[in-house]
Colleague: 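Before anything else, here's the structure in question.
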Amino acid sequence: MKFDSVIIGGGLAGLLCGIKLGEAGLRCAMVSRGQSALHFSSGSLDLLSHLADGTPIGDIESGLCELINQSPQHPYAHLGTAAVLDYADHAEALLARAGLTLQGHWRYAHSRLTPLGKWRTAWLSQQDAPCAPLTGKRICVVGIAGFLDFEPLMVADQLKQQGIEADTGELALPVLDVLRQNPSEFRSVNIARMLDDARYTPELLKELTALAPGYDALLLPAVVGLEQPDLPAQLQHALPCALNFIPTLPPSVPGMRMYNALARYFRQTGGIIMEGDAVTGVTRNEAGLRQVWTRNHGDIALQARHVVLASGSFFSNGLVAERQRVREAIFDLDLLDYANNGDWSHPDFFHSQPWQSIGVKTNARLQPSRNGEPLDGVYAIGTVLGGFDPITQGCGGGVCAITALHAAQQIIDTGSRL
């Protein structure tokens, strides 16, 4: 089986790279081990909120310039400020083409509400996510009877500390009793699969309408719109007040909604997703093609001119921590320098953790190396890269999007295809 490109990993970076290649007419295959990290995300993307020293960023352009000065190994530093912002524009347009209606723009960062009632800086958020400023003065944080993955009281208390008049309410929804019988089944995804059924919309709307009087906005856990992405907007239009949905603890309905939209659009561009498969090795044949060997295909290799490594960090097993070292799992690529004595964590849980910045080293074209030799036709993108802390710097989604589009552009510019 021959492809122009094979992408290892089916997360945000891999999907965006594959979509850009597919839109350019290149034939792509994606090998995905299992659930994408998007399934566990908020469905919002961040571009850059803090420098490595913890300084918050106000203006994104000047912030990127200072980031490059402070952190020359950050993936953004390879590209430069102008290229990062240009790719951000392209990412916003690509996400819209994939059918995702998002709020935000790279020039105007906003704050979104987290499941803990805190505010976090975001680049792009889904249209039904609660963002600052909240609509009106009186807010009702609504839970679901028996649902333990969302704490309305905690969210309301945090809002009150910010001077917002917040109460709590609860939906009974007897239709969910079948899930309540088993607490392990009473999770956001299973609730969404039931509530997305049009038969239950009147009951949901009736209870929401009963809670609405006296409030300017209702805040619910994000438990609708998984298989019917238009349902949140339908509910909003039917209520006399605003309605927003807060992502719950993982798995996340908004994150899965984003994955579904991107995977669907990738397939529409001609891409193939080989789900539940794992790459066991990559070699090169006499013709110069990369041969990608996978668990499910046995002795039949996927052949491609280009291979994109989008395998993720430790969470996705793209990086593996052993007793004495960290290694990249597929190629054993060169990594950026890190403390080889195993001192990879900080005792303060909320401090920037050194292990977060461990990852693959690349050149400006995002080509990795092994034993100091660049691998021709191979690119590394997303969280497998080193030199940044996606959590404390608030740049995880941005690095995935920007590096994905940059690597795709390098492949397109070669002009070679099978």
Colleague: Is a side-chain N or O of Ser316 found less than 3.5 angstrom from the main chain of Ser313, in a donor-acceptor match?
Modeller: no
Colleague: Could you check whether Asp89 pairs with Arg107 (Lys NZ or Arg NE/NH1/NH2 to Asp/Glu carboxylate O, under 4.0 Å)?
Modeller: no
Colleague: Only counting residues at least two apart or in another chain, list the ones meeting side-chain contact (heavy atoms from CB on, under 4.5 Å) with Gln127.
Modeller: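 With sequence neighbours excluded, Gln127 shows a side-chain contact (heavy atoms from CB on, under 4.5 Å) to Thr101, Gln103, given in chain and number order.
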Colleague: Check whether any side-chain heavy atom of Leu333 lies under 4.5 Å from a side-chain heavy atom of Leu309, and answer yes or no.
Modeller: yes
Colleague: Starting from the C-alpha separation in whole Å, work towards a yes-or-no answer on side chain to side chain donor-acceptor pair (under 3.5 Å) for His50 and Thr55.
Modeller: CA-CA 5 Å; His50 291 78; Thr55 302; over 6 Å; no
Colleague: Look only at the side chain of Ser36 and the backbone of Leu38, and say whether a donor-acceptor pair between them is shorter than 3.5 Å.
Modeller: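 The answer is yes, because a donor-acceptor pair under 3.5 Å joins these two groups.
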Colleague: Which value, rounded to the nearest 0.5 Å, describes the distance between Thr362 atom OG1 and Leu336 atom CG?
Modeller: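 These two atoms lie 8.0 Å from each other.
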Colleague: Where do Gln367 and Asn363 land on the side chain to side chain donor-acceptor pair (under 3.5 Å) test, with the steps shown first?
Modeller: CA-CA 6 Å; Gln367 291 178 305; Asn363 59 20; 3.2 Å; yes
Colleague: Can you give me the closest heavy-atom contact between Ile381 and Ala310, atom names plus distance?
Modeller: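 Ile381 and Ala310 have their closest heavy atoms at CG1-CB, 3.7 Å.
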Colleague: Would you call Phe3 and Ser5 a side-chain contact if the rule is heavy atoms closer than 4.5 Å?
Modeller: no
Colleague: Taking Lys361 first and then Asp337, would you say they form a salt bridge - that is, a charged N and a carboxylate O separated by under 4.0 Å?
Modeller: no
Colleague: So, the side chain of Asp196 versus the backbone of Val224: is there a donor-acceptor pair under 3.5 Å, distance only?
Modeller: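 Such a contact is absent between Asp196 side chain and Val224 backbone.
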Colleague: Minimum heavy-atom separation for Phe245 and Pro221, please, with both atom names.
Modeller: CD2-O, 3.6 Å
Colleague: Which class fits the ring pair His39 and Tyr259: parallel under 30°, tilted 30 to 60°, perpendicular over 60°?
Modeller: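 The arrangement is tilted - the two ring planes meet at 30° to 60°.
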Colleague: Measure from the side-chain N and O atoms of Gln228 to the backbone N and O of Leu231, and report whether any donor-acceptor pair falls under 3.5 Å.
Modeller: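 It does not hold such a pair.
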Colleague: Grab the two heavy atoms, one from Ala404 and one from Leu16, that are nearest each other, plus how far apart they are.
Modeller: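 Looks like CB-CB, 4.0 Å.
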Colleague: Tell me yes or no: between the side chains of Glu92 and Tyr87, is some donor less than 3.5 Å from an acceptor?
Modeller: no
Colleague: On a heavy-atom basis, which atom in Trp119 and which in Ala132 lie closest, and how many Å separate them?
Modeller: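 Heavy-atom minimum between the residues: CZ3-N, 3.4 Å.
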Colleague: Could you tell me if the side chain of Val141 sits less than 4.5 Å from the side chain of Leu159, heavy atoms only?
Modeller: yes
Colleague: Looking at Ala222 and Ser188, what are the two nearest heavy atoms and their distance?
Modeller: O-CB, 4.2 Å
Colleague: Could you tell me whether the side chain of Asn260 and the main chain of Met256 form a donor-acceptor pair under 3.5 Å?
Modeller: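 Checking the backbone N and O of Met256 against the side chain of Asn260, a donor-acceptor pair under 3.5 Å is found.
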Colleague: Starting at CD1 of Ile411, measure out to CZ of Arg365 and round the result to the nearest 0.5 Å.
Modeller: 9.0 Å
Colleague: Is a salt bridge present between Arg370 and Asp334, judged by a nitrogen-to-oxygen distance below 4.0 Å?
Modeller: no
Colleague: Please examine the side chains of Leu171 and Leu220, heavy atoms only from C-beta on, and report whether any two atoms are closer than 4.5 Å.
Modeller: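 Yes. Closest side-chain heavy atoms under 4.5 Å.
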Colleague: Return the orientation label for the His74 and Phe388 ring planes: parallel under 30°, perpendicular over 60°, tilted otherwise.
Modeller: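 Judged by the thresholds at 30° and 60°, the geometry between His74 and Phe388 is tilted.
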Colleague: Just jot down the side-chain contact (heavy atoms from CB on, under 4.5 Å) partners of Asn317, sequence neighbours excluded, or say none.
Modeller: Arg33
Colleague: Measuring from atom CG of Asn296 to atom OG1 of Thr294, what distance do you get when rounded to the nearest 0.5 angstrom?
Modeller: 5.5 Å
Colleague: Determine whether a donor-acceptor pair (N or O, by modelled atom type, separation under 3.5 Å) exists between the side chain of Arg120 and the backbone of Asp46.
Modeller: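 Pair absent, no side-chain N/O of Arg120 close to backbone of Asp46.
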Colleague: Is there a side chain to side chain contact (heavy atoms under 4.5 Å, CB included) between Thr81 and Tyr76 once you walk through the steps?
Modeller: CA-CA 7 Å; Thr81 298; Tyr76 290 164; over 6 Å; no
Colleague: State whether a side-chain donor-acceptor pair under 3.5 Å links Gln303 with Asn285.
Modeller: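 There is such a pair between these side chains.
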Colleague: Answer yes or no: is there a side-chain heavy-atom contact under 4.5 Å between His306 and Arg290?
Modeller: no
Colleague: Do the rings of Phe186 and Phe147 sit parallel, tilted or perpendicular, given the 30° and 60° boundaries?
Modeller: perpendicular
Colleague: How about Ser125 and Ser44: does a side-chain donor come under 3.5 Å of a side-chain acceptor?
Modeller: yes
Colleague: List the steps and the verdict of side chain to side chain donor-acceptor pair (under 3.5 Å) for Asp128 and Gln236.
Modeller: CA-CA 9 Å; Asp128 53 35; Gln236 287 174 337; 5.8 Å; no
Colleague: Got a second to check how far Arg257's CZ is from Glu227's CD, nearest 0.5 Å?
Modeller: 12.0 Å
Colleague: Check Gly63 against Leu51 and note the closest heavy-atom contact, atom names and distance.
Modeller: O-CD2, 3.6 Å
Colleague: Spell out, as yes or no, whether a donor-acceptor pair under 3.5 Å connects the side chain of Glu207 to the backbone of Ala172.
Modeller: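 Checking the backbone N and O of Ala172 against the side chain of Glu207, a donor-acceptor pair under 3.5 Å is found.
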Colleague: Given side chain to side chain contact (heavy atoms under 4.5 Å, CB included), test Val307 with Ile7 step by step and report yes or no.
Modeller: CA-CA 6 Å; Val307 173; Ile7 299 170; over 6 Å; no
Colleague: Hey, does Leu113 have a side-chain heavy atom less than 4.5 Å from the side chain of Leu219?
Modeller: yes
Colleague: May I ask you to test the Leu176-Asn190 pair for a side-chain heavy-atom distance under 4.5 Å?
Modeller: no
Colleague: So, do Ile60 and Val84 sit near enough that their side-chain heavy atoms are less than 4.5 Å apart?
Modeller: no
Colleague: With side chain to side chain contact (heavy atoms under 4.5 Å, CB included) as the test, would you mind laying out the steps for Ile144 and Phe150 before giving the verdict?
Modeller: CA-CA 8 Å; Ile144 299 174; Phe150 181 72; over 6 Å; no
Colleague: Counting only N and O atoms by type, is there a donor-acceptor contact under 3.5 Å from the side chain of His406 to the main-chain atoms of Ala364?
Modeller: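 Yes, because the side chain of His406 sits within donor-acceptor range (under 3.5 Å) of the backbone of Ala364.
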Colleague: Working to the nearest 0.5 angstrom, can you tell me the gap between Leu366 CG and Gln409 CD?
Modeller: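 Going from the CG atom of Leu366 to the CD atom of Gln409 covers 12.0 Å.
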Colleague: Strictly below 4.0 Å, N to O, side chains only: are Glu203 and Lys206 in salt-bridge contact?
Modeller: no
Colleague: For Met154, is there any backbone N or O sitting under 3.5 Å from a side-chain donor or acceptor partner on Gln158?
Modeller: no
Colleague: Strictly distance-based, threshold 3.5 Å: is any side-chain N or O of Gln70 a donor or acceptor partner for the main-chain N or O of Glu66?
Modeller: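 Answer holds: no.
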Colleague: Strictly below 4.0 Å, N to O, side chains only: are Arg267 and Glu275 in salt-bridge contact?
Modeller: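 Yes, charged N to carboxylate O under 4.0 Å.
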Colleague: Side chain to side chain donor-acceptor pair (under 3.5 Å) with Asp216: which residues, sequence neighbours excluded?
Modeller: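 Applying side chain to side chain donor-acceptor pair (under 3.5 Å) to Asp216 gives none.
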Colleague: When you look at NE2 of His90, are more than 12 heavy atoms from neighbouring residues, nucleotides or ligands closer to it than 6.0 Å?
Modeller: no
Colleague: Verify side chain to side chain contact (heavy atoms under 4.5 Å, CB included) between Leu204 and Leu235, making sure each step is shown before the conclusion.
Modeller: CA-CA 9 Å; Leu204 174 58; Leu235 295 172; 3.8 Å; yes
Colleague: Working to the nearest 0.5 Å, report the span between CZ of Arg325 and CZ of Arg327.
Modeller: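 Nearest 0.5 Å value for the CZ-CZ distance: 6.5 Å.
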